[in-house]
There are 2 protein chains.
Amino acid sequence: MDKQQSFEEIQERLEANDLRLTPQRAAVVKVLLDHTHTHLRTEEIFLLAKEFAPDIGLATVYRTLEILERLNIINRFDYGDGQSRYEMGRDTEEHYHHHLICLGCGAVSEFEDDLLEMLEDKIASKCQFKIVDHSLRFFGYCKKCQMNNRG
Amino acid sequence: MDKQQSFEEIQERLEANDLRLTPQRAAVVKVLLDHTHTHLRTEEIFLLAKEFAPDIGLATVYRTLEILERLNIINRFDYGDGQSRYEMGRDTEEHYHHHLICLGCGAVSEFEDDLLEMLEDKIASKCQFKIVDHSLRFFGYCKKCQMNNRG
DNA sequence: CTTATTGCAAAAGTTTTGCACTATA
DNA sequence: TATAGTGCAAAACTTTTGCAATAAG
């Protein structure tokens, strides 16, 4: 159901904004395309990108991720542990998947749901607040950790 | 409707856990009690606590906030900007208020709702994930910023 | 007297920035 | 040849930690 973006589409989107798809930026994009449905930390992206562009610098990765986020090509996630995580955007579907973060083992799974649409409408009319995005995270214990008595 | 904790109750809670309510810790608690319904950054708490305990160190503030969070006396919030924010806990009511974060002026307002209870039940049964907490943030533009064409 | 707590400074960790160099249109 | 982009190192920033000094039971 996901409308996955292709490498070519991303290249076009960059060039439409007068940004070049340099080898370094391409390396970052390739890493993200190779790891859909995973939330990569910047350091992980950096290390993986080195396989495509060995001389890439960490600063370039940060700068590239900032660009990709600004163009809505990727989404940034914050688990509250002081590190940003990134994932390829999934257009509108993206809006309605939430994160289940396990306090036992740190695993992150997803839950698809559109219940929040109702809530957003409610907020928009009650508070006159124009919502453009949201972030919903659930903290708890996954099945495995519950069995291991960690929850 | 909020069941506000008193200074004495907090003292009892600390002592029940073999923790002393030192002047420094008392200063932090006073700051938090004086700023209910506000999400203070650690640095702000540090500066405000200095009025009660001039010699308090930043490390002590961090250590105190960690203790208070562990005892569920305060709640930690993460707006995704790399800084933690804190607020006095409001027991069970706390669970069902969400944050509206304005991308124009940075103002944070709250929205009370219990729709998420349904969603939590759904997740618990579908994913066998035992939820203990959640965080829901909406990003958008407040009424004022919409009028100022910032949204 | 024994343990908890503190302040300070240093360290750790992520992210940003300055700048000279390089690649590209 | 202008300009965009890069790598490196340094800086910025929040948070944590080691440790000697202090306070409290």
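Heavy-atom basis, side chains included; hydrogens, waters and symmetry copies ignored. Here is how names work: the chains are called A, B, and so on, in the same order as the sequence lines, proteins then strands, and each is numbered from 1.
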Novice: Between the side chains of Glu66(A) and Arg63(A), is the shortest nitrogen-to-carboxylate-oxygen separation below 4.0 Å, so that they form an ion pair?
Specialist: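 Looking at Arg63(A) and Glu66(A), the cut-off is not met.
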
Novice: In whole angstrom, give the distance that lies between atom CG of Asn17(A) and atom P of dA25(C).
Specialist: 16 Å

Novice: Looking at Ser84(B), does any N or O in its side chain come under 4.0 Å of the phosphate oxygens OP1/OP2 on dT15(D)?
Specialist: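 Checking Ser84(B) against dT15(D): at least one side-chain N or O falls below 4.0 Å of OP1 or OP2.
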
Novice: Could you check if a side-chain atom of His98(A) sits within less than 4.5 angstrom of a side-chain atom of His134(A), using non-hydrogen atoms only?
Specialist: yes

Novice: Consider the side chain of Arg20(A), meaning its heavy atoms from C-beta on, and name the nucleotide among dA4(C), dG5(D), dC8(C) that approaches it most closely.
Specialist: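 So the nucleotide nearest the side chain must be dG5(D).
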
Novice: Check every strand shown and say whether Arg25(A) touches a base, only sugar-phosphate, or nothing at a heavy-atom separation below 4.0 Å.
Specialist: sugar-phosphate

Novice: Can you identify which nucleotide, out of dT3(C), dA4(D), dT15(D), has its nearest atom closest to the Thr42(B) side chain?
Specialist: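 Within the option list, the nearest is dT15(D).
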
Novice: Specify the separation, in whole Å, of atom CG of Leu58(B) and atom P of dA12(C).
Specialist: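 Going from CG in Leu58(B) over to P in dA12(C) covers 18 Å.
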
Novice: Specify the separation, in whole Å, of atom CZ of Phe46(A) and atom C1' of dT14(C).
Specialist: 13 Å

Novice: Which sits closer to the 5' end of DNA chain D, Glu43(B) or Asp55(A), going by the nucleotide each is nearest to?
Specialist: Asp55(A)

Novice: What is the separation between atom CD1 on Ile67(B) and atom P on dT5(C), rounded to the nearest whole Å?
Specialist: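 Going from CD1 in Ile67(B) over to P in dT5(C) covers 6 Å.
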
Novice: What's the closest nucleotide to the Ile56(A) side chain, out of dT15(C), dT15(D), dG7(D)?
Specialist: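 My answer, after comparing the listed nucleotides, is dG7(D).
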
Novice: Gln83(B) has a side chain; which of dT17(D), dT17(C), dT14(D) sits nearest to it?
Specialist: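 Side chain of Gln83(B) sits closest to dT14(D).
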
Novice: For the side chain of Tyr62(B), counting heavy atoms from C-beta on, which of dT14(D), dT5(C), dT17(D) is nearest?
Specialist: dT14(D)

Novice: Could you tell me the separation between the CG atom of Leu19(B) and the C1' atom of dA23(D), rounded to a whole number of Å?
Specialist: 16 Å

Novice: From dT15(D), dG7(D), dT5(C), pick the nucleotide closest to the side chain of Thr22(B)?
Specialist: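 Closest of the options to the side chain of Thr22(B): dT5(C).
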
Novice: Glu69(A) CD to dT15(C) P: how many Å, rounded?
Specialist: 12 Å

Novice: Are His99(B) and Phe77(B) near enough that their ring centres are under 6.0 Å apart?
Specialist: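 Between Phe77(B) and His99(B), which both carry aromatic rings, the centre distance is below 6.0 Å.
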
Novice: To the nearest Å, give me how far apart CD (Gln11(A)) and P (dT24(C)) are.
Specialist: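 Atom CD in Gln11(A) sits about 13 Å away from atom P in dT24(C).
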
Novice: Hey, which sits more toward the 5' end of DNA chain C by its nearest nucleotide, Pro23(B) or Pro23(A)?
Specialist: Pro23(B)

Novice: Within a 6.0 Å radius of atom NZ on Lys122(B), are there more than 12 heavy atoms belonging to other residues, nucleotides or ligands?
Specialist: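 For Lys122(B), atom NZ is crowded (more than 12 foreign heavy atoms under 6.0 Å).
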
Novice: Gln24(A) has an atom CD; how far is it from atom C1' of dC21(C), in whole Å?
Specialist: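 Answer to the nearest Å: 13 Å.
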
Novice: Compare the minimum distances between each of dT14(D), dC19(C), dG5(D) and the side chain of Arg63(A), then state the nucleotide with the smallest one.
Specialist: dC19(C)

Novice: Determine yes or no for a side-chain-to-main-chain donor-acceptor pair under 3.5 angstrom, with Ser125(B) supplying the side chain and Asp121(B) the backbone.
Specialist: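 Yes, Ser125(B) side chain to Asp121(B) backbone: donor-acceptor pair under 3.5 Å.
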
